[in-house]
Protein chains: 2
Amino acid sequence: MSTNPLLKGTLQTIILKLLEGNAEMYGYEITQKVKEVTAGEIMLTEGALYPALHKLEADGFLETFTQVVDNRVRKYYRLTEEGGKEVTSKLDEARSFIDQLQALLNLKPVVK
Amino acid sequence: MSTNPLLKGTLQTIILKLLEGNAEMYGYEITQKVKEVTAGEIMLTEGALYPALHKLEADGFLETFTQVVDNRVRKYYRLTEEGGKEVTSKLDEARSFIDQLQALLNLKPVVK
DNA sequence: TTTATATACATAATTTTGTTATGTATATAA
DNA sequence: TTATATACATAACAAAATTATGTATATAAA
């Protein structure tokens with residue numbers, strides 16, 4: 001898997017948002033979902049994804065449980081209550097940052 | 001000065017774009033312009049800005065000249081021809097990334 | 001007058017957060 | 001039996017920030 005350098009700083013937000021819309025997801029599923037939604041343009045690397053999931057769990061934003069499917073272990077993640085609040089907060093930040101960035105780069109779409 | 005963690009990866013693009021619209025700018029001027037355009041929400045740190053300018057120059061995208069104003073030295077930067085092409089390329093990347101990110105975060109504004 | 005703030009540059013130490021590489025293990029299609 | 005997909009994890013490394021520090025001048029405030 002390969003990634004975009006612009007991803008920096010947004011990975012946690014992406015994970016949290018996906019888990020807001022999906023109740024529970026496992027790591028590999030997250031990589032596939034991101035690939036699907038972005039038509040293959042954003043591919044999460046495992047070296048970035050798993051440490052990010054571990055950190056979100058350590059921070060109390062995610063909780064986990066495992067399940068064996070086809071003799072393979074899946075580790076499912078879901079939002080904690082704290083995590084639910086964090087989604088809102090991170091989304092606000094992302095929204096604001098995208099606005100400012102578009103202003104700086106003159107990419108602001110003209111509202112008709 | 002303080003910054004947004006989301007800035008990661010976009011600083012060079014911001015610098016290049018500002019220099020596309022301004023012919024020549026010096027470092028401090030860039031920090032002020034960014035602050036102004038983003039209503040103080042994005043503040044470039046000197047520890048990020050100056051190394052970024054030096055790198056863009058080393059890469060051949062910017063050229064410099066100095067000027068003394070009020071007994072203080074200013075180092076002006078302007079785009080090289082190579083730099084001009086790089087702006088287009090970086091902007092395309094940024095545009096695409098913002099699109100994908102908005103899709104993932106469900107922030108896509110509804111087109112009316 | 002001396003102190004804080006603004007202007008103007010630069011760099012070193014550190015931290016964050018990625019990429020790349022490697023490892024383990026099972027299932028399935030070629 | 002070999003490659004690819006599924007599924008996790010971590011170590012070595014690199015990029016790109018933050019934070020801290022340093023130099024120096026101009027100007028407004030205490």
Side-chain angles (χ1 to χ4, degrees), chain A residues 1-16 24-36 40 42-59 61-62 64-77 90 93-94 97 100-101, chain B residues 1-16 24-36 40 42-59 61-62 64-77 90 93-94 97 100-101:
Chain A
M1 300 186 195
S2 69
T3 313
N4 194 308
L6 295 173
L7 187 66
K8 292 215 175 200
T10 59
L11 179 54
Q12 288 198 11
T13 309
I14 290 169
I15 293 170
L16 289 169
E24 51 217 21
M25 295 181 84
Y26 55 99
Y28 186 76
E29 187 184 6
I30 291 174
T31 66
Q32 298 310 299
K33 186 72 181 174
V34 168
K35 188 176 168 182
E36 176 202 322
I42 297 182
M43 310 271 279
L44 303 186
T45 60
E46 294 158 299
L49 177 68
Y50 292 114
L53 286 169
H54 300 163
K55 181 161 196 314
L56 288 168
E57 188 185 3
D59 288 345
F61 299 134
L62 301 182
T64 67
F65 62 96
T66 55
Q67 198 170 300
V68 177
V69 178
D70 283 327
N71 287 318
R72 272 194 243 93
V73 176
R74 286 180 185 170
K75 191 163 163 189
Y76 280 91
Y77 290 84
K90 289 268 194 201
E93 266 179 57
F97 179 70
Q100 304 307 337
L101 187 58
Chain B
M1 299 184 196
S2 69
T3 313
N4 193 308
L6 295 174
L7 187 66
K8 296 211 173 200
T10 59
L11 180 54
Q12 290 199 8
T13 309
I14 291 167
I15 293 170
L16 290 168
E24 50 216 21
M25 296 182 84
Y26 55 99
Y28 186 76
E29 188 184 6
I30 291 174
T31 66
Q32 298 310 298
K33 186 70 182 174
V34 167
K35 189 176 166 181
E36 178 202 322
I42 296 182
M43 311 271 278
L44 303 186
T45 59
E46 294 157 298
L49 177 69
Y50 292 113
L53 286 169
H54 300 163
K55 182 163 196 311
L56 288 169
E57 189 185 2
D59 289 345
F61 300 133
L62 301 183
T64 67
F65 61 97
T66 56
Q67 199 171 299
V68 176
V69 179
D70 283 326
N71 287 319
R72 273 195 242 92
V73 177
R74 285 180 186 171
K75 190 163 166 190
Y76 280 90
Y77 291 85
K90 289 266 197 204
E93 266 178 57
F97 181 69
Q100 304 306 337
L101 188 57

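In what follows, chains carry the letters A, B, and so on, assigned in the order in which the sequence lines appear, proteins first and then strands, with residues in each chain numbered from 1.
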Q: Just how far, in rounded Å, is C1' of C:dG18 from OH of A:Tyr50?
A: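 Computing the A:Tyr50:OH to C:dG18:C1' distance gives 16 Å.
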Q: If only side-chain N and O atoms of A:His54 are considered, is one of them under 4.0 Å from the OP1 or OP2 phosphate oxygen of D:dC8?
A: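 For A:His54, the contact criterion (side-chain N or O under 4.0 Å from OP1 or OP2 of D:dC8) is not met.
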Q: Check every atom of C:dA8, D:dA17, D:dA9 against the side chain of A:Lys75 and return the nucleotide holding the closest atom.
A: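 Per side-chain heavy atoms of A:Lys75, the pick is D:dA9.
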Q: Measure CZ/A:Phe65 against P/D:dC8 and give the value in whole Å, please.
A: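 Whole-Å distance recorded here is 12 Å.
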Q: Please report the C-alpha distance between A:Val73 and A:Lys75 in whole Å, then the side-chain angles of each, then the deciding distance to 0.1 Å, and finally whether the side-chain contact (heavy atoms from CB on, under 4.5 Å) criterion is met.
A: CA-CA 7 Å; A:Val73 176; A:Lys75 191 163 163 189; 5.6 Å; no
Q: When all nucleic acid strands are considered with a 4.0 Å heavy-atom cut-off, which category describes B:Gly47: base, sugar-phosphate, or nothing?
A: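 Contact class for B:Gly47: base.
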Q: Would you mind telling me which of C:dC9, D:dC8, C:dG18 lies closest to the side-chain atoms of A:Ala48?
A: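 It is C:dG18.
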Q: Calculate the interatomic distance between B:Lys55 atom NZ and C:dA10 atom P; express it in whole Å.
A: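 The answer, rounded to whole Å, is 17 Å.
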Q: Kindly compute the distance separating OG1 (B:Thr13) from CZ (B:Phe97), expressed to the nearest 0.5 Å.
A: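 Spacing of OG1 (B:Thr13) from CZ (B:Phe97) equals 11.0 Å.
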Q: Write down the distance between CD (A:Gln12) and P (C:dG18), rounded to a whole number of angstrom.
A: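 Interatomic distance, CD of A:Gln12 to P of C:dG18: 7 Å.
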Q: Does the side chain of A:Ile14 reach to within under 4.5 Å of the side chain of A:Ile30, using non-hydrogen atoms?
A: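 No, every pair of side-chain atoms sits at 4.5 Å or beyond.
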Q: Can you check the B:Gln32 CD to C:dT5 P distance for me, whole Å?
A: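 Spelled out: CD on B:Gln32 to P on C:dT5 is 16 Å.
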Q: Rounding to an integer number of Å, can you tell me how far B:Tyr26 OH sits from C:dA6 C1'?
A: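 Taking atom C1' of C:dA6 as the reference, OH of B:Tyr26 is at 11 Å.
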Q: In whole angstrom, what separates B:Leu49's CG from C:dC9's C1'?
A: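 One finds 10 Å between C1' of C:dC9 and CG of B:Leu49, rounded.
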Q: Starting at NZ of B:Lys90, measure out to CZ of B:Phe61 and round the result to the nearest 0.5 Å.
A: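 B:Lys90 NZ to B:Phe61 CZ: 7.0 Å, rounded to 0.5 Å.
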Q: Going by purine N1 to pyrimidine N3 plus the second Watson-Crick contact, or the G-U wobble pair, all under 3.5 Å, which nucleotide sits opposite C:dT26?
A: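 D:dA5 - that is the nucleotide pairing with C:dT26, both distances being under 3.5 Å.
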Q: On a heavy-atom basis, which atom in B:Glu57 and which in B:Tyr77 lie closest, and how many Å separate them?
A: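 So the two residues come closest at OE1-CE2, 4.1 Å.
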Q: Using the side-chain heavy atoms of B:Arg74, tell me which of these nucleotides is nearest: C:dA8, D:dC8, C:dA10.
A: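 Ranking C:dA8, D:dC8, C:dA10 by closest atom to the B:Arg74 side chain puts C:dA8 first.
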Q: To the nearest 0.5 Å, tell me how far B:Thr64 OG1 sits from B:His54 NE2.
A: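 Result: 9.0 Å between the selected atoms.
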Q: Measure from the side-chain heavy atoms of B:Tyr77 and tell me the nearest of D:dA17, C:dA10, C:dT11.
A: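 The nucleotide sitting nearest to the side chain is C:dA10.
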Q: Between C:dA6 atom C1' and B:Glu29 atom CD, what is the distance in whole Å?
A: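 Whole-Å distance recorded here is 15 Å.
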Q: Atom pairs under 3.5 Å, N or O on each side, protein against nucleotides 26-29 of chain C: can you list them with distances?
A:
unit_1 : atom_1 : unit_2  : atom_2 : d
C:dT26 : O2     : A:Arg72 : NE     : 2.9
C:dA27 : OP1    : A:Asn71 : ND2    : 2.3
C:dA27 : O4'    : A:Arg72 : NH2    : 2.9

Q: Does C:dT11 have a Watson-Crick or wobble partner in any strand here, with both distances under 3.5 angstrom, and which is it?
A: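 Across all strands, the one nucleotide that pairs with C:dT11 is D:dA20.
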Q: Report the distance from atom CD of B:Gln12 to atom NZ of B:Lys55, rounding to the nearest 0.5 Å.
A: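 Here the rounded value is 5.5 Å.
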